[in-house]
Amino acid sequence: MKLDGRICVITGGASGIGLEIAKTFAAAGGRVAIADIDLDAAKKAANSLGDGHMGVDMDVTDPDAVQRGIDKVIKDCGRLDVLVSNAGIQIVKRVEEFSYQEWRKVVSIHLDGAFLTSKAVLPQMYKQRSGTILYMGSVHSQEASALKAPYVSAKHALMGLARTIAKEGGEKGVRTNVISNRPETSASPKRRSSTG
Ligand SMILES: NC(=O)c1ccc[n+]([C@@H]2O[C@H](COP(=O)([O-])OP(=O)(O)OC[C@H]3O[C@@H](n4cnc5c(N)ncnc54)[C@H](O)[C@@H]3O)[C@@H](O)[C@H]2O)c1
């Protein structure tokens, strides 16, 4: 993969999978903006990638913060080529035990965050007539597990958002993909993760 100076925003990129994507993109020649609710960690992660990368303050559930963060990247870099909508959390309990606030929190970070960041980057990508949006899905974009109702619901919904933007944006040079392992290849009963 060669990114040759392409401007890449990665939400939730201060740790975990997002940080690994950031390292991979930077190694491929991309210029990375790590957008995270933890600004200190985002700046530290960006510095660890080398020169030219940046940390951006962004709570993906806050429309103003998302717009501000994306505007800053476009202003500083002059364009925006790749969005990785990756920020996420997990809360594990039975459906009837979820409070509405807990449900909203999980759905909001995964799905509202994907919508808000997409909405913010699309005008620039359409202006450039090029851009790529990657949504961090999961095996739970295609199948369910007990105890993860809002997570499974939001990860399924990302498929719908990606397909809609593919239809609206295809002719304007924007493509979308959901990163998701296939259910039949994901069986790994011993693996434990905080968010998957
Ligand atoms: N860990 C797994 O096994 C696994 C499997 C499949 C998919 N995923 C998905 O990958 C993504 C990253 O997961 P991870 O395990 O690396 O998580 P993680 O907890 O290591 O990292 C999540 C990052 O998101 C940030 N974040 C949290 N809330 C935010 C908000 N409101 N706004 C901006 N940033 C916010 C955190 O500060 C953190 O840096 C998630 O979407 C998750 O659902 C994870």
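Ligands are counted one by one from 1 in listed order, and the atoms in each one are counted from 1 as well. Since this is a predicted model, take the numbers as computed values, not measurements.
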Quick check: does [X] get an N/O under 3.5 Å from an N/O on ligand 1?
{"X": "S138", "answer": "no"}
{"X": "V60", "answer": "yes"}
{"X": "T61", "answer": "no"}
{"X": "S15", "answer": "yes"}
{"X": "I17", "answer": "yes"}

Contact with ligand 1 for [X], non-hydrogen, under 4.0 angstrom:
{"X": "K155", "value": "yes"}
{"X": "D36", "value": "yes"}
{"X": "G13", "value": "no"}

Subset of ligand 1 atoms that lie under 4.0 Å from at least one heavy atom of [X]:
{"X": "G16", "result": "16 (O), 20 (O)"}
{"X": "M58", "result": "32 (N), 33 (C)"}
{"X": "D59", "result": "30 (C), 31 (N), 32 (N)"}
{"X": "N86", "result": "10 (O), 11 (C), 12 (C), 40 (C), 41 (O)"}
{"X": "G137", "result": "7 (C)"}
{"X": "Y151", "result": "7 (C), 8 (N), 9 (C), 42 (C), 43 (O)"}
{"X": "H110", "result": "41 (O), 43 (O)"}

Does the side chain to side chain contact (heavy atoms under 4.5 Å, CB included) test come out yes or no for T176 and R163, once each step is laid out?
CA-CA 7 Å; T176 59; R163 286 175 175 143; over 6 Å; no
With respect to Y135, which candidate in S180, S118, S85 satisfies the side-chain hydrogen bond (donor to acceptor under 3.5 Å, both in side chains) definition?
S118
Determine, for [X] against [Y], whether the closest basic-nitrogen to carboxylate-oxygen distance falls under 4.0 angstrom.
{"X": "D112", "Y": "R104", "answer": "yes"}
{"X": "E20", "Y": "K23", "answer": "yes"}
{"X": "D71", "Y": "K75", "answer": "no"}

Option set S141, G88, A65, G18, criterion heavy-atom distance to atom 22 (C) of ligand 1, minimum
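Comparing heavy atoms across S141, G88, A65, G18, the nearest one to atom 22 (C) of ligand 1 lies in G88.
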Option from V84, N177, L122 for which side-chain contact (heavy atoms from CB on, under 4.5 Å) with I133 holds
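Among V84, N177, L122, the one that satisfies the side-chain contact (heavy atoms from CB on, under 4.5 Å) with I133 is L122.
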How does H140 reach ligand 1, if at all, at less than 4.0 Å between non-hydrogen atoms: by side chain, backbone, both, or neither?
neither
Say you draw a straight line from CD of Q124 to CD1 of I74; how long is it, rounded to the nearest 0.5 Å?
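One finds 4.5 Å between CD of Q124 and CD1 of I74.
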[X] versus [Y]: any side-chain heavy-atom pair under 4.5 Å?
{"X": "D81", "Y": "Q128", "result": "yes"}
{"X": "R6", "Y": "F25", "result": "no"}
{"X": "V60", "Y": "L116", "result": "no"}

The test is side chain to side chain contact (heavy atoms under 4.5 Å, CB included); show your working for I17 and N86 and say whether it passes.
CA-CA 8 Å; I17 293 171; N86 163 80; 4.1 Å; yes
